[in-house]
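First the structure, in the form of structure tokens, and then the observations on it.
One-based numbering, in listed order, for ligands and for the atoms of each. All figures in this text were calculated on a predicted structure; none of them were measured in a lab. These numbers come from the heavy atoms of this one structure, side chains and all, not from hydrogens, waters or symmetry mates.
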Amino acid sequence: MRIVLLGPPGAGKGTQAKLICETYNIPHISTGDLFRENMNNDTPLGKKAKDFMAKGLLVPDDLVVDMVEDRLTHDDVVSAGYGFLLDGFPRTVFQAEALDGISKKRNLELDFAINLEVPLDVLVERISGRRICPSCQATYHVIFNPPKVEGVCDFDSASLYQREDDKVETVKKRIQVYQEQTEPLIAFYKEKQKIVDINGLQNMNDVFEDIKRVLDGVNII
Ligand SMILES: [Zn+2]
């Protein structure tokens with residue numbers, strides 16, 4: 001099973017990625033982890049990435065692509081029948097085309113590009129309502145999962161805070177960037193007939209049931 005998972009911030013991608021990978025026994029490959037692994041292990045690709053970051057530059061697309069291609073040769077991918085789930089990659093059409101090239105070269109054709117759909121206003125509400133405990137890292141949501149006492153952790157009474165990334169204006173910007181980059185990506189996979197739109201507005205179990213029906217080859221009516 002070879003999957004690309006697409007979805008805006010706050011769509012519940014992390015949760016679904018975990019459920020898919022556990023159920024279908026495939027490695028979860030996220031670009032965040034790839035960067036960390038390469039840099040922590042001081043691989044040649046990790047060193048290159050560090051050079052760019054030390055200069056305050058963005059890591060270029062082709063270096064990210066090289067990291068992904070390298071990752072697709074690891075044992076866990078091979079032992080999963082050359083299966084994987086990519087999360088956070090591709091992010092741009094350039095990356096999608098590069099992945100297409102890798103897939104052809106290595107005989108790793110994608111099965112599905114799963115697109116978790118959640119309306120914009122819901123995303124903003126979901127993300128901007130998050131609160132975190134600075135001492136035990138417990139997470140809350142002001143509407144969906146509030147602490148017993150407003151603004152205070154249930155476990156250790158520490159004052160909850162909101163991450164900079166989760167503030168309304170920042171969230172709107174993150175979503176806008178995602179939309180600008182990803183709309184063309186969705187069109188790209190639509191043309192290749194790989195895209196599967198999943199209603200991300202349901203609870204996480206129902207979202208996963210819909211995904212499973214697709215992956216198991218059962219038609220959604
Ligand atoms: Zn706490």
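- Remark: side-chain polar atoms of Asn38 are not paired, donor with acceptor, to backbone N or O of Thr43 under 3.5 angstrom.
- Between Asp66 and Arg71, no side-chain nitrogen of the basic residue sits less than 4.0 Å from a carboxylate oxygen of the acidic one, so the salt-bridge criterion is not met.
- Checking side-chain atoms of Asp111 against main-chain N and O of Arg2 turns up a donor-acceptor pair under 3.5 Å.
- At distances below 3.5 Å, not a single donor-acceptor pair connects side-chain atoms of Lys13 with backbone N or O atoms of Pro8.
- Near-neighbour remark for the Zn ion (ligand 1): protein N, O or S atoms under 2.8 Å are Cys133 SG, Cys136 SG, Cys153 SG, Asp156 OD1, Asp156 OD2; waters not counted.
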Please tabulate, for side-chain N and O atoms in residues 177-191, each donor-acceptor pair with protein atoms closer than 3.5 Å (sequence neighbours left out).
from: Tyr178; atom 1: OH; to: Gly7; atom 2: N; distance (Å): 2.8
from: Glu180; atom 1: OE2; to: Gln176; atom 2: NE2; distance (Å): 3.1
from: Thr182; atom 1: OG1; to: Tyr178; atom 2: O; distance (Å): 2.6

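- Salt-bridge annotation for Arg91 and Asp61: absent, with no side-chain N of the basic residue lying under 4.0 Å from a carboxylate O of the acidic one.
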